[in-house]
There are 2 protein chains.
Amino acid sequence: MARLKTTHDVFSAIGEPKRRALIEMLTTKEMTVSDLVDAMSWSQPMVSKHLAVLREVKLVKERKAGRYHYYRIQPEELRPIQEWMHQFEKYWGSTMDQLDNYLNTIQTKVNSDEKN
Amino acid sequence: MARLKTTHDVFSAIGEPKRRALIEMLTTKEMTVSDLVDAMSWSQPMVSKHLAVLREVKLVKERKAGRYHYYRIQPEELRPIQEWMHQFEKYWGSTMDQLDNYLNTIQTKVNSDEKN
DNA sequence: TTGACATATTCCCATATAGGAATATAATGA
DNA sequence: TCATTATATTCCTATATGGGAATATGTCAA
């Protein structure tokens with residue numbers, strides 16, 4: 001088969017840098033499509049199409065007011081990512097360096113049982 | 001243009017569920033390709049090809065010992081994701097304790113739903 | 001009503017997969 | 001040397017883009 005659809009899940013959806021940029025832009029405020037077109041300097045169809053992907057995975061929510069469509073982020077939908085990262089945090093504590101040390105320690109132990 | 005290469009960055013690389021599974025499997029120990037083939041029940045070329053993507057974005061590191069190629073996770077390469085997520089933490093609370101509570105709540109809810 | 005504005009969708013195309021199968025490369029041991 | 005084992009790469013194909021251009025849909029205002 002080919003690659004997964006970008007709308008398969010949140011991980012796929014945020015794989016595209018432009019969609020991450022949209023999410024960042026929407027972090028603090030609700031914005032219309034044309035607000036986003038101005039802010040990002042992309043074509044209007046490009047903005048609409050990336051928003052459509054984010055909408056499908058529910059990372060953004062649309063609120064229509066006449067001609068204007070206001071988009072806002074749905075941060076709770078990012079939880080799967082946070083949870084996925086969380087499984088690594090339980091090994092590393094607060095810093096990446098601690099995780100490194102932890103992994104080096106246990107992997108050294110495992111290696112004493114090595115095959116060669 | 002077409003879609004970004006999966007090796008474009010860490011975000012693209014982990015968009016594929018199988019690659020996330022490999023990373024999870026490598027969290028606690030170094031493993032050879034055949035270890036991973038056995039653990040995941042995928043074909044050997046499939047494992048090797050997904051590892052190649054992870055290797056290219058430096059999420060895993062290879063250590064060759066004779067015929068065996070040991071792979072280990074490079075956790076510091078997950079930092080871009082952690083940092084990107086950090087900006088949203090304020091929406092659900094920044095501590096892992098709160099995340100734990102959230103997860104426990106969900107789990108409890110799921111369990112009680114199953115009983116009905 | 002009608003033109004202008006706001007947004008979404010469709011068409012087209014070049015590109016990059018993911019997966020299966022076959023094959024290549026490399027290291028080992030008898 | 002040669003068969004076996006371990007891993008990587010190549011070939012093939014169906015599929016899904018992301019971007020540009022054109023167009024459709026929806027809404028408002030004069």
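Residue numbers start from 1 in every chain, and the chains themselves are labelled A, B, ... in the order their sequence lines are given, proteins ahead of strands.
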Please report, rounded to the nearest Å, how far the [atom2] atom of [N] is from the [atom1] atom of [X].
{"X": "A:Arg67", "N": "C:dA4", "atom1": "CZ", "atom2": "C1'", "answer": "8 Å"}
{"X": "B:Lys5", "N": "D:dT17", "atom1": "NZ", "atom2": "P", "answer": "19 Å"}
{"X": "A:Met46", "N": "D:dT17", "atom1": "CE", "atom2": "P", "answer": "16 Å"}
{"X": "A:Arg3", "N": "C:dG20", "atom1": "CZ", "atom2": "C1'", "answer": "19 Å"}
{"X": "B:Lys64", "N": "C:dT28", "atom1": "NZ", "atom2": "C1'", "answer": "16 Å"}
{"X": "A:Leu51", "N": "C:dA8", "atom1": "CG", "atom2": "C1'", "answer": "11 Å"}
{"X": "B:Leu54", "N": "C:dA18", "atom1": "CG", "atom2": "P", "answer": "11 Å"}
{"X": "A:Leu22", "N": "D:dG18", "atom1": "CG", "atom2": "C1'", "answer": "13 Å"}

Please tell me if the side chains of B:Lys18 and B:Met46 come closer than 4.5 Å, counting only heavy atoms from C-beta onward. yes
Mapping A:Tyr70 and B:Lys18 to their closest nucleotides on DNA chain C, which lands nearer the 5' end?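 Looking at DNA chain C, the more 5' nearest nucleotide goes with A:Tyr70.
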What I want to check is whether an N or O donor and acceptor connect the side chain of B:Gln44 with the base of D:dA6 at under 3.5 Å.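 Check fails, no donor-acceptor contact within cut-off.
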Would you call B:Arg79 and B:Glu83 a salt bridge, taking side-chain N to carboxylate O under 4.0 Å as the test? yes
Using the six-membered ring wherever Trp is involved, compare the ring planes of A:Tyr68 and A:Tyr70 and label them parallel, tilted or perpendicular (cut-offs 30° and 60°).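 Taking A:Tyr70 first and then A:Tyr68, their aromatic rings sit tilted (interplane angle of 30° to 60°).
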Does A:His69 have a side-chain nitrogen or oxygen under 4.0 Å from the phosphate oxygens OP1 or OP2 of C:dA8?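 Yes, A:His69 has a side-chain N/O under 4.0 Å of OP1/OP2 on C:dA8.
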Just to confirm, is there a sub-4.0 Å distance from OP1 or OP2 of C:dT7 to any side-chain nitrogen or oxygen of A:Ser34? yes
Using a heavy-atom cut-off of under 4.0 Å over every strand shown, decide if B:Lys49 touches base, sugar-phosphate, or nothing. base
Name the nucleic acid region contacted by A:Tyr71, choosing base, sugar-phosphate or nothing; use a 4.0 angstrom heavy-atom cut-off, strictly under.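 Result for A:Tyr71 = sugar-phosphate.
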Among C:dT7, D:dA16, C:dT9, which nucleotide sits nearest the side chain of A:Ala2?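 Selected nucleotide: D:dA16.
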Of the candidate nucleotides D:dT17, C:dA22, C:dG19, which contains the atom at the shortest distance from the side chain of A:Thr6?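 Output: D:dT17.
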Nearest 0.5 Å, please: how far is CG in A:Asp35 from CG in A:Leu26? 9.5 Å
5'-most by nearest nucleotide on DNA chain D - A:Arg19 or B:Val47: B:Val47
Judged by each residue's nearest nucleotide on DNA chain D, which is more toward the 5′ side, A:Thr7 or A:Ser43?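 It is A:Thr7 whose nearest nucleotide is closer to the 5' end.
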Can a donor-acceptor pair be found, under 3.5 Å and without considering hydrogens, that links the side chain of B:Ser41 to the backbone of B:Val37? no
